[in-house]
Amino acid sequence: QVQLVESGGGLVQPGGSLRLSCAASGFSFSNYAMRWYRQAPGKEREMVATITSAGGSTNYPDSVKGRFTISRDNAKNTVYLQMNSLKPEDTAVYYCYASNLWYTYWGQGTQVTVSS
């Protein structure tokens with residue numbers, strides 16, 4: 001079975017950092033581009049980071065650029081999201097996502113709360 005298992009979410013103070021991990025199994029991870037999305041209550045789901053299958057290219061929206069970094073370790077079938085200088089507006093459920101030309105998969109989501 002295909003699984004994307006996330007970890008690393010939680011409560012953090014403004015200005016703090018978190019690293020999210022997403023461990024993949026049941027598919028050929030190294031052939032898939034990976035993304036992180038987030039969704040806050042009452043808002044549309046927003047892509048916050050993307051990385052190509054070999055890890056050679058990344059993209060971020062202006063809302064997180066310079067603060068978030070996506071990376072992957074294909075030997076461990078894991079994608080990461082390093083989040084620095086966190087703001088209250090970063091509070092959301094964060095989801096990892098895998099895609100190739102044929103298939104897409106979603107993780108279950110993990111809550112990130114940034115609050116003083």
Side-chain angles (χ1 to χ4, degrees):
Q1 62 178 334
V2 169
Q3 288 189 307
L4 295 172
V5 180
E6 298 160 323
S7 61
L11 176 65
V12 65
Q13 300 277 55
S17 297
L18 285 174
R19 190 181 76 156
L20 306 183
S21 299
C22 181
S25 60
F27 66 99
S28 184
F29 177 81
S30 63
N31 292 326
Y32 283 71
M34 298 296 297
R35 294 174 177 172
W36 288 93
Y37 285 80
R38 68 185 182 189
Q39 188 166 30
K43 295 187 177 180
E44 298 293 319
R45 190 167 294 187
E46 173 191 25
M47 186 177 69
V48 297
T50 186
I51 188 167
T52 54
S53 59
S57 182
T58 60
N59 276 289
Y60 310 89
D62 289 342
S63 57
V64 308
K65 193 171 296 182
R67 300 187 298 119
F68 289 13
T69 303
I70 188 171
S71 61
R72 67 191 296 158
D73 186 340
N74 284 350
K76 294 184 176 181
N77 290 342
T78 302
V79 63
Y80 305 94
L81 184 67
Q82 178 68 45
M83 304 184 293
N84 298 326
S85 302
L86 283 162
K87 306 173 181 179
E89 50 263 47
D90 295 319
T91 296
V93 177
Y94 284 71
Y95 301 87
C96 65
Y97 167 94
S99 68
N100 70 359
L101 289 173
W102 297 102
Y103 303 108
T104 61
Y105 307 113
W106 288 93
Q108 79 287 349
T110 186
Q111 178 71 47
V112 172
T113 302
V114 185
S115 177
S116 60

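Here, residue 1 is the first one in the sequence, and each next residue gets the next number.
- Follow the hydrophobic side-chain contacts under 4.5 Å out from Y60 and you reach V79 in the same cluster.
- In this structure, W36 and L20 approach most closely via the heavy-atom pair CH2-CB, 3.7 Å.
- Ring geometry, Y95 versus W106: the interplanar angle exceeds 60°, so the pair is classed perpendicular (tilted spans 30 to 60°).
- Closest heavy-atom contact between D73 and F29: O-CE2, 4.1 Å.
- Of all heavy-atom pairs between L4 and C96, the closest is CB-SG, 3.7 Å.
- No side-chain donor-acceptor contact under 3.5 Å links N77 to the backbone of C22.
- For A49 against L81, the heavy-atom pair with the smallest separation is CB-CD1, 4.0 Å.
- No chain of hydrophobic side-chain contacts below 4.5 Å, direct or via other Ile, Leu, Val, Met, Phe, Trp or Tyr residues, connects M34 to Y37.
- The two residues G8 and L18 come nearest to each other via the heavy atoms O-CD2, 3.7 Å.
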Next on the checklist: Would Y80 and T69 count as a side-chain contact (heavy atoms from CB on, under 4.5 Å) here? Give the steps.
Outcome noted: CA-CA 8 Å; Y80 305 94; T69 303; over 6 Å; no

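- Follow the hydrophobic side-chain contacts under 4.5 Å out from Y94 and you never reach L11; the two are in separate clusters.
- Note on V48: it clusters hydrophobically with Y105, by side-chain heavy-atom contacts below 4.5 Å among ILVMFWY residues.
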Could you pull out every donor-acceptor pair under 3.5 Å between side chains of residues 97-104 and any protein atom, sequence neighbours left out?
from, atom 1, to, atom 2, distance (Å)
N100, OD1, W102, N, 2.8
N100, OD1, Y103, N, 2.8

Pairs under 3.5 angstrom only: tabulate donor-acceptor contacts from the side chains of residues 83-90 to other protein residues two or more places apart or in another chain.
from, atom 1, to, atom 2, distance (Å)
N84, OD1, S17, OG, 2.9
N84, OD1, Q82, NE2, 3.0
D90, OD1, R38, NH1, 2.9
D90, OD1, R67, NH2, 3.0
D90, OD2, R67, NH1, 2.8
D90, OD2, K87, N, 2.8

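- Under the 3.5 Å distance criterion, the side-chain polar atoms of T78 are matched with a main-chain donor or acceptor of K76.
- Aromatic ring centroids of Y32 and F27 lie under 6.0 Å apart.
- Between atom CD of residue E6 and atom OG of residue S21 there is a gap of 10.0 Å, rounded to the nearest 0.5 Å.
- For the atom pair N59 CG and K65 NZ, the distance stands at 7.0 Å (nearest 0.5 Å).
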Checklist entry - Going through the checks in order, is the side chain to side chain donor-acceptor pair (under 3.5 Å) test met by Q1 and S25? => result CA-CA 8 Å; Q1 62 178 334; S25 60; over 6 Å; no

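- The minimum heavy-atom distance between T91 and Q111, with the atom names listed, is CG2-NE2, 4.0 Å.
- The cluster map of Ile, Leu, Val, Met, Phe, Trp and Tyr, joined by side-chain heavy atoms under 4.5 Å apart, puts F68 and M47 in different clusters.
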